[in-house]
Amino acid sequence: MKPIKIIRKNLRLSILAAFSIVLFLSFALIWGALSIALDQYIRSNAVYVLNEARAGNYHIMNPNIDRPPLMIVGSPQNFLRTNLGTFNVDSTYRPISPNDSDLSGHILAIMQQNGLTPGSFYNMRLRNQDSTYFVTSASSSEQDGAYTIFYVDVTDFQRFTSIINALLLYLALFIWFFAIIVTGFLSGSLAKPLRTLQDFAKRIGNGDFTPNPKSFTNSEFEALNESLNHTARQLAKYDNDQKVFFQNASHELRTPLMTINSYAEGIKYGIMEPEKASQTILDASKRLAGMVDDILYISRIDNLTLPPLERTDLRALIQERICLQRPLAEVKNVEIIFNETAELKEPIVINCAVSYMGRAIDNLISNAIRFAESLITIDCKLTNDKVIITVADNGPGFEEEFLPQVFERFFKGKNGLTGIGLSVVRTIAEQHKGTAQAANDENGAVLTIILPHNI
């Protein structure tokens, strides 16, 4: 199947074409409506005068008198009465009276061209190239077989209508020409900032995250420019964070690898006690595996939706993760205490993704083990429909100026590793519609996860 070819149009030309079409249709409708209105106006007044003449309500004027100018004082019917005439013919078009009228002969000629028989038409429009008349016929009351033809000459009216139509046409052309100039200017003012923003977007795509210093008078373009600038700043930060992360990760990965390599060589050449060296290799391997897990986890967590939520006893889950982390804590001579007084032994059941929540708890505990001097205190309690998990250690605590950045991705504080572990904690908390917080107390650092109690 061949791909459908998309015809792309220039924005400026598209606006000009659309505006021209709308303008043309508008004037066409106005012209049509005005023409119909004028035609109906002429017809209604002419028919009124003809009907009045047929009824014999006033004296018929001589058709050969000089006609007054078009713009006269009075109603259109008064003007048409001065253009009213009559003559008598028989059934063969032969004039009976008056028989010396050039105008009557002219009207008879038009009637013959149109195949009209005297007495067979009523209030009809007749026209040739130069003249327009409304005519009606009636049987003559003075002579059998004769017909009286009444006519109204509306040629001047028709010429006046033609003048109006011509003026309207010239006015339309002038307005169209002027509007095209204005529209061209406006469309140009739209196209120029779009090209500027397009170039800016290309620069972002090519890895140049320098903000666009230009501003725009149009609020929509300015909003788009601000959005692109925000995107550029975010991408610049993300790019820098990635570079810092790879620098930190390469360093941190190298350290356990060197340890493993050194102790393995010591065992090989018999210069180190095998049992102690093996334990050191195992510890370094676990540390290396943890860092690799964090790297893999952070690479996919943003692109994954939460797995199905399960009803889970959060206290039991914390106890399980403590058991897994306790051997590492014992190696560092760190004691882990999970506060379970009598009133705190009741299960706290929530809906959560168990694997994700277990990962967050693991990261909190491993972070505390890394910095604790001798003690880690873990607490889980229910307060005001909120589940609060607290992990506190008696280490040096966080540097105060870095507290707002603790959970930022790739942020590496003093003695930190890759800057991934705590950012994973915050991401998982937010995916469960909760928050993560960091603080210091009199003993050391305090990390807290607050989750909604949705049961």
Residues R125, D39; criterion salt bridge (Lys or Arg N to Asp or Glu O under 4.0 Å); working and verdict: CA-CA 11 Å; R125 187 201 304 265; D39 183 76; 2.5 Å; yes
Heavy-atom neighbours of K192 NZ exceed 12 at 6.0 Å: no
Just checking F398: does its CZ atom have more than 12 heavy atoms from other residues, nucleotides or ligands closer to it than 6.0 angstrom? yes
Judged by atom type as modelled, is there a donor-acceptor pair below 3.5 Å linking the side chain of N394 to the main-chain atoms of L375? yes
Checking N384 side chain against K386 main chain: does a donor-acceptor pair fall under 3.5 Å? no
Least distance between heavy atoms, V152 atom then A46 atom: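 Nearest pair, atom of V152 first, then A46: CG2-O, 4.4 Å.
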To check you understand the geometry: which heavy-atom pair defines the closest contact between A368 and V391, and what is its length?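 Looks like CB-CG1, 3.8 Å.
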Going by the angle between their ring planes, with limits at 30° and 60°, are F221 and F216 parallel, tilted or perpendicular?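 Ring orientation, 0 to 90° scale: tilted.
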R359/D362 salt bridge by N-O under 4.0 Å criterion: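 No, no charged N to carboxylate O under 4.0 Å.
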Is the shortest side-chain heavy-atom distance between L228 and N212 below 4.5 Å?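 Contact flag for L228/N212 side chains = no.
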Which residues satisfy the side chain to side chain contact (heavy atoms under 4.5 Å, CB included) test with N443, sequence neighbours excluded?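 For N443, the residues satisfying side chain to side chain contact (heavy atoms under 4.5 Å, CB included) (neighbours in sequence not counted) are D441.
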Please determine whether side-chain contact (heavy atoms from CB on, under 4.5 Å) holds for the pair T161 and S35, giving the CA-CA distance in whole Å, both sets of side-chain angles, and the decisive distance to 0.1 Å. CA-CA 8 Å; T161 301; S35 297; 5.7 Å; no
If a pair satisfies salt bridge (Lys or Arg N to Asp or Glu O under 4.0 Å) and one of its residues is in residues 166-188, list it, with sequence neighbours excluded.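 Residue pairs passing salt bridge (Lys or Arg N to Asp or Glu O under 4.0 Å), neighbours aside: none found.
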Would you check, one step at a time, whether the test side-chain contact (heavy atoms from CB on, under 4.5 Å) holds for R321 with L324? CA-CA 5 Å; R321 309 320 292 184; L324 293 176; 3.6 Å; yes
